[in-house]
A.B. asks: 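Mind having a look at this structure? Questions to follow.
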Amino acid sequence: MVLKVFFPQCCNRAASGLLVGRWLPQHNSAVVLAVIHYPFIPIQVKEYIRQMGKESHVDLSILGSWSLPQDGEEDKDSFQDGLSAIFDMQRWLQVSRRLGHKGFTCRVLGETMPEKEKKKSEEKKEDEAEEKVIFVHYEQRKVMLSQLHPVQNGVPDSRDDSLSELRQVFHTVSSSGPLFFLDKYDDSPLKSTHWQSDGREGSIIVELVKQASVPLCALLRWILAVWTWICAMRIFGLFPLPFLWSKLSSCVQLSYRTQHLKTLTDGSQSQLLRKANVFVSFLVDIGLGLFLASWLYRDQHISMLADKLVPAADHVAKELEELLQWLMGAPAGLKMNRALDEVLGRFFLYHIHMWISYVHLLSPFVESILWYGGLSACLGLTFALSLLSDMVALLTFHIYCFYVYGARLYCLKIYGLSSLWRLFRGKKWNVLRQRVDSCSYDLDQLFIGTLLFTILLFLLPTTALYYLVFTLLRLVIVLFQGVIHLSVDFINSFPLYAMGLRMCRPYRLAEGVRFRVLSEEPGTALHLLMEINPLKSSVVVDTYRTPTYSCYPKDSWSALIKKLFVGELIYPWTYKSTKGHAAKAD
Amino acid sequence: MGPDDGPGTVVAWRKILWERQPFPDNYVNHCFMEELRRNKGLRQYRYWAVVREAGLVGQQLSCVAIFITLWLYMEEGLLFPGTILVVSLATLLMGYGLYRALGLRVEPVLSHRTCLADLQRATIYLAFIFCISPVLKRLTESLSTDTVYAMSALMLLAHLVSFPYTHPSPTESLSLNVALFASVCLASRLPGTLDTFTMLSCAPMIFALWPCLLRRVKDRVPCHFAVGCAGVCAAGVGGLASRWPGGVVLLVLALVFVILLCPWLLVRLQRDKDNIHGPWDEAEIHEDLSRFLH
């Protein structure tokens, strides 16, 4: 059996002492966390180890002894032999190194094999001490900060044997924070060497932020509670309002951000990386929004925009009028039914006139509306974009109305035609069996049915043309709104912090490890260096995406085309509900 | 003799499969070919009887011709729509009376309720047509005349092809619908709204009500059936002749072909029939299902 010892690189040159760490018996390996130097009092060491183990919930123990004789030091071999007896451990490692040599030598004392194998090799007692040892060197600070993916939900029990070896190693190192607090420069009875001995890092700003974040979180939580209470008031539950809220994308975005802030400030320590992502994207959003706001509010940009808005709406209406006049003539040489043409054309023209008068009514207020609307950019670029999308939707409301009229008329016509075509052939739709059956109609049913069929058939090209024109216009607007929503969604959900980590500190997100051979001298143990494989960027984005109301096309292409053909109203972008997100955030 | 026969065991082969016999399943004996029959159940057609039946087809052709004549007259403005309406109303009442009278022979009670129901249906239909005719008038305005004529011709041909010459038939409603479609196409080309209304009231009479009456006449008084067909054919030829000589020639040729030539062909070709029947035919169930009808 091969024994694997995970040895931190910072302890390669440590002075002689005791190895502190954890055994992993089921994988036959040991993780060395620190070296406690001479002189020490064994009782104090045992007490210290017990206390550290309780604080960090890791099964700490003394693994063995480490000897690196400095120049002029006498050999302490005989002293070390007695240590295993003092600490009364089942297995004892005696690792030693000479200055100038790369390799370590290691002796394993104590029971090396489990019960049943021991019986087999009772005759080979001399082999007990000859167990092969592999030293795997790891950089302690990196392994401590790293997180092995895929992340398991919940805190894994350190005694959980079903975890893989690598996971247990990572978990051991990362949980042993309390052990790394005291080092050899402190004034305590025990002097140890670990990664922090190379220089403790600390930053005043980070500490201040950590201290300030607790009351800040409490304040935010209180504000959010008040806001949620206001929103939940009954007065906002009256009939048209919830429908409006769900349709306006700015309100959706507002509720979304509230949700984000709630998860940020809930005070628990889980899912720190996700919270960091949310926080960073929030900051970036607000930063971009402030930049936009500063651009809007200087140099009279707002009044320029307001001046251009009403003439733009007028221009759109005029273009629509010309389009309708063209349709009422003989568009593209198609044969339209004159009477129906005129009826439909006049109907839509009347709507346009109503719309123009409405826009002119609003024109004195446009500038102030824009001014106050621009303030919303301070809440974030996503708000400004959502507001833009809402404004576009409101300004092109008449196109939406025309589309609905045209689609309903067309749908009715197609439905009537298909039913009357069945009557024409002498068949009918059997609702019970969901199939077409033959049917004997009465004479007058046949007369009236055929006449209606003829009328609908000859009026079809006219209706179809109007439907086509208005559907195309609506699709253009839907496309524009879709682009805006996609970009809002991107800003909401892209894990900036995780990607930044992946760029700057790739060891934080680990996919796995790779080993490199350090030295393979005969007579000494094999030395490997364990390096962390960072996670692929695509996997980072996939894992850490904030789940949003990602708007994606509801229907496939074929379903969309079928709906267009039959005349059903299309709402191509659909929003995933935020309920799923709330459940996941726990 | 079977293949597994031993000396002394002669088992007669029976035409059954539910008992094991020493013969293979597809064994047949000498009676098989003796049961061959030729032209079993051959019908003997008599020429004039066939001509009489073919008269139905001819009269339907003439009905279409009469309809086209009516349209030609109205299009050129030679007949007032009011006149036609009065005449057709009179004809309708006469035909309805005849229909009910012929029905009296079988059901002795003339129920007022059926008359009232019929009257109600007719009124609804006429009112509907009256309201819709302005719309129908402008329906094919944007189509070219050639397209309208071609569509109507196609539809009338389809009507003739799908007409239920034997009753009942699965394509009954299709023929009527197609004829109405053609009449709407033609009626929309007439110069006035009243013309359209007249045309659309005459069309169901010619295409829906007249065949019903003719069928009843054929069932109840078969001797007058031939007279009726001949009369209709004559009217069709005469009417078309007054306005469209080319069409008359076509009509006469078609009538001669259908009424006189085709029956002769049918009778003549019976001689060349050579069907064989035998035990290998599929089984047919000859059961009298009429006992379920009462």
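Throughout, a chain's letter reflects where its sequence line sits, starting with A, and its residues are numbered from 1.
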A.B. asks: Atom CZ of residue position A:Arg408 - does it have more than 12 heavy atoms of other residues, nucleotides or ligands inside 6.0 Å?
C.D. replies: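 Incorrect, the count does not exceed 12.
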
A.B. asks: For atom CZ of A:Phe347, is the number of surrounding heavy atoms from other residues, nucleotides or ligands below 6.0 Å larger than 12?
C.D. replies: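 Yes - once you tally the heavy atoms of other residues, nucleotides and ligands closer than 6.0 Å, there are more than 12.
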
A.B. asks: Of all of A:Leu452, A:Leu423, A:Leu446, A:Asp442, which one pairs up most often with chain B through heavy atoms under 4.5 Å apart?
C.D. replies: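 Maximum pair count with chain B is reached by A:Leu446.
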
A.B. asks: Under 4.5 Å heavy-atom distance to chain A, tell me which part of B:Thr140 shows up: side chain, backbone, both or neither.
C.D. replies: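 Side chain only.
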
A.B. asks: Return yes when atom CZ of A:Phe397 has more than 12 non-hydrogen atoms of other residues, nucleotides or ligands closer than 6.0 Å, and no otherwise.
C.D. replies: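 It does not: A:Phe397 CZ has 12 such atoms or fewer within range.
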
A.B. asks: Which pair of non-hydrogen atoms, one from B:Ser173 and one from A:Gly426, has the smallest distance, and what is that distance?
C.D. replies: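 Residues B:Ser173 and A:Gly426, closest heavy atoms: OG-CA, 3.2 Å.
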
A.B. asks: Are there over 12 heavy-atom neighbours, none belonging to B:Tyr149, within less than 6.0 Å of that residue's OH?
C.D. replies: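 For B:Tyr149, atom OH is crowded (more than 12 foreign heavy atoms under 6.0 Å).
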
A.B. asks: Any heavy-atom pair between the side chains of B:Phe128 and A:Leu451 that's under 4.5 Å?
C.D. replies: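 Touching, per the 4.5 Å side-chain cut-off.
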
A.B. asks: Can you name the nearest heavy-atom pair linking B:Leu139 to A:Asn337, along with the distance?
C.D. replies: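 So the minimum-distance heavy-atom pair works out to O-ND2, 3.5 Å.
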
A.B. asks: Would you find more than 12 non-hydrogen atoms of other residues, nucleotides or ligands less than 6.0 Å from A:Arg346 atom CZ?
C.D. replies: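 Counting other residues, nucleotides and ligands, CZ of A:Arg346 stays at 12 neighbours or fewer.
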
A.B. asks: What part of A:Ser438 gets closer than 4.5 Å to chain B, counting heavy atoms only: side chain, backbone, both or neither?
C.D. replies: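 Contact with chain B involves no heavy atom of A:Ser438 at all.
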
A.B. asks: Can you tell me how far apart CZ (B:Arg121) and CD1 (A:Ile448) are? Round to the nearest 0.5 Å.
C.D. replies: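 Reported value, rounded in 0.5 Å steps: 10.5 Å.
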
A.B. asks: Count the heavy atoms belonging to other residues, nucleotides or ligands that lie under 6.0 Å from CZ of A:Arg433, then report whether that count exceeds 12.
C.D. replies: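 Counting other residues, nucleotides and ligands, CZ of A:Arg433 stays at 12 neighbours or fewer.
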
A.B. asks: For the residue pair B:Phe181 and A:Phe458, categorise the inter-ring angle as parallel (less than 30°), tilted (30 to 60°) or perpendicular (more than 60°).
C.D. replies: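 Answer is parallel, since the angle falls under 30°.
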
A.B. asks: What's the verdict on side chain to side chain contact (heavy atoms under 4.5 Å, CB included) for A:Ile455 and B:Val184, showing C-alpha distance, side-chain angles and the deciding distance?
C.D. replies: CA-CA 9 Å; A:Ile455 294 176; B:Val184 167; over 6 Å; no

A.B. asks: Is the number of heavy atoms from other residues, nucleotides or ligands within 6.0 Å of CZ (B:Arg243) greater than 12?
C.D. replies: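 Result for CZ/B:Arg243: enclosed.
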
A.B. asks: Identify which part of B:Leu176 has an atom lying under 4.5 Å from any heavy atom of chain A, answering side chain, backbone, both or neither.
C.D. replies: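 The answer is the side chain of B:Leu176.
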
A.B. asks: More than 12 heavy atoms of other residues, nucleotides or ligands under 6.0 Å from OH of B:Tyr96: yes or no?
C.D. replies: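 Check passes, neighbour count above 12.
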
A.B. asks: With a 4.5 angstrom heavy-atom cut-off, could you sort out which part of A:Leu457 is near chain B: side chain, backbone, both or neither?
C.D. replies: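 For A:Leu457, the side chain is the part near chain B, not the backbone.
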
A.B. asks: Would you say the side chain of B:Val178 lies within less than 4.5 Å of the side chain of A:Phe424, judging by non-hydrogen atoms?
C.D. replies: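 The answer is yes, as the side chains (C-beta and beyond) meet within the 4.5 Å cut-off.
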
A.B. asks: Rounded to the nearest 0.5 Å, how far apart are CZ of A:Phe447 and CD1 of B:Ile124?
C.D. replies: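 One gets 13.0 Å once the value is rounded to the nearest 0.5 Å.
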
